[in-house]
Amino acid sequence: MPTREDYLRQPLERRLARLAGTPDELTEAIRNRSTAQLARRPDATSWSATEIICHLRDVEELFRVRFHTILALDDPKILTFSAEPALLTTWGIADRVGHPLDPDRWAEDRQYARSDPSQALAAFRRQRTETRVLLDSLTDAQWRRGGIHLRLGRLTLGDWVASLAAHDDNHLDQLERAIDGRA
């Protein structure tokens, strides 16, 4: 499975192709599966296929907001889940203020387990289409714009796309395992 670093070594077109293919791969992976099959977790701590699709939908929205922010502001700091606790305190995230990008918190607060997988996939597909329209409209100068990742430093829009492409691969693999009943 390609990593972010693998995608960084590949042309931008390959990263964009990964993004373009994900909705159809998800559709194929859940084809002819019942809602109950998709809702089944492989174990108590692993997400079901439905929860993974909901996560992909919500991360898509997050990345598009990041892309818009990078286009609108010069080298903005971008909040990430992987940031060190000391850096998060500057964002007001500490003690009783939870991290707003916590995937497990999203799953609970947004009721992933109770979601309809077909509706979640349709929403993901719609959001991914909007992301692709945005990315396809960028000029060369816009592709060089960047945002400051709190752990990795300055990343161009193309670098952020590499992260999203690797994120897709990771969760497509996780979804296949969940469908097969493997953690």
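What's counted below: heavy atoms across the whole structure, side chains too, no hydrogens, waters or symmetry copies.
Using a 4.5 Å cut-off on side-chain heavy atoms (C-beta onward), Leu155 and Arg4 make contact. Using a 4.5 Å cut-off on side-chain heavy atoms (C-beta onward), Arg57 and Glu60 make no contact. Considering only heavy atoms from C-beta on, Leu138 stays 4.5 Å or farther from Phe67 through its side chain. With contacts defined as side-chain heavy-atom distances shorter than 4.5 Å, the pair Val161/Trp143 qualifies. You'll find the side chain of Ile53 stays beyond 4.5 Å of the side chain of Leu38, heavy atoms only. Here the side chains of Arg110 and Ser115 are not in contact, with every heavy-atom distance at 4.5 Å or above. Counting heavy atoms from C-beta on, the side chains of Asp102 and Phe81 come closer than 4.5 Å. Side-chain contact between Tyr7 and Leu164 is absent, with no heavy atoms from C-beta onward closer than 4.5 Å.
Judged by distance alone, the side chains of Thr27 and Arg125 do bring a donor and an acceptor atom under 3.5 Å apart.
To the nearest 0.5 Å, atoms CZ (Arg15) and CD (Gln10) are separated by 8.0 Å. From Trp160, atom CH2 reaches atom OG1 of Thr80 across 6.5 Å, with rounding to the nearest 0.5 Å. Taking CG of Leu157 as the start and CD of Gln142 as the end, the distance is 8.0 Å to the nearest 0.5 Å. Rounding to the nearest 0.5 Å places CG of Asp173 at 4.0 Å from CE of Met1. Of the inter-residue distances, the one linking Leu19 atom CG with His167 atom NE2 reads 12.0 Å to the nearest 0.5 angstrom. Rounded to the nearest 0.5 Å, atoms CG (Leu79) and CG (Leu87) are 10.5 Å apart.
Residues Thr50 and Tyr112 share a closest heavy-atom pair of CG2-O, 3.7 Å. In terms of heavy-atom proximity, Ala178 sits nearest to Ser48 at CB-C, 4.1 Å. Nearest heavy atom pair, residue Ala166 against residue Thr3, reads CB-C, 3.6 Å. Here the closest heavy-atom approach between residue Pro76 and residue Gly146 is recorded as CD-O, 3.4 Å. For the residue pair Leu134 and Ser137, the shortest heavy atom distance occurs at O-OG, 2.7 Å. A pairwise comparison of heavy atoms in Pro100 and Ile93 identifies CD-CD1, 3.6 Å as the closest pair.
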For this session: Quick one: do Ser82 and His149 satisfy side-chain contact (heavy atoms from CB on, under 4.5 Å)? Show the steps, please.
Result: CA-CA 9 Å; Ser82 62; His149 186 288; 3.6 Å; yes
For this session: Report the C-alpha distance between Ile78 and Ile70 in whole Å, list the side-chain angles of each, state the deciding distance to 0.1 Å, and finish with yes or no for side-chain contact (heavy atoms from CB on, under 4.5 Å).
Result: CA-CA 9 Å; Ile78 304 293; Ile70 291 167; 4.2 Å; yes
For this session: Decide side-chain contact (heavy atoms from CB on, under 4.5 Å) for Arg132 and Leu16; before the verdict, give the C-alpha distance in whole Å, the side-chain angles of both, and the deciding distance to 0.1 Å.
Result: CA-CA 8 Å; Arg132 288 296 319 279; Leu16 294 172; 4.2 Å; yes
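Residues Leu152 and Leu8 fall into different hydrophobic clusters, defined by Ile, Leu, Val, Met, Phe, Trp and Tyr side chains chained together at heavy-atom separations under 4.5 Å. Taking hydrophobic clusters as Ile, Leu, Val, Met, Phe, Trp and Tyr residues chained together by side-chain heavy-atom distances below 4.5 Å, Leu62 does not share a cluster with Ile148.
Applying salt bridge (charged side-chain N to carboxylate O under 4.0 Å, His left out) to Glu51 and the options Arg41, Arg40, Arg114 leaves one that passes, Arg41. Checked options Arg144, Arg145, Arg154; the residue passing with Asp74 is Arg145 (criterion: salt bridge (charged side-chain N to carboxylate O under 4.0 Å, His left out)).
Using bins of under 30°, 30° to 60° and over 60° for the plane-to-plane angle, the ring pair His55/Trp106 lands in the tilted bin.
A 6.0 Å sphere centred on CD of Glu130 holds more than 12 heavy atoms belonging to other residues, nucleotides or ligands. In this structure, Asp180 places its CG atom where more than 12 heavy-atom neighbours from other residues, nucleotides or ligands lie under 6.0 Å away.
Put simply, the side chain of Asp168 never gets that close to the backbone of Ala165: no donor and acceptor are under 3.5 Å apart. Arg64 places a side-chain N or O within donor-acceptor distance of the main-chain N or O of Gln127, the cut-off being under 3.5 Å.
No salt bridge links Arg18 with Asp6; every basic N to acidic carboxylate O contact stays at or beyond 4.0 Å. Ion pair Arg126/Glu61 not flagged as a salt bridge, since none of the NZ, NE, NH1 or NH2 atoms sits closer than 4.0 Å to an Asp/Glu carboxylate oxygen.
Both tests pass for Arg66 against the ring of Phe63: distance under 6.0 Å to the centre and angle within 45° of the axis.
Aromatic rings of His99 and Trp91 (six-membered ring for Trp) have centroids beyond the 6.0 Å cut-off, not under it.
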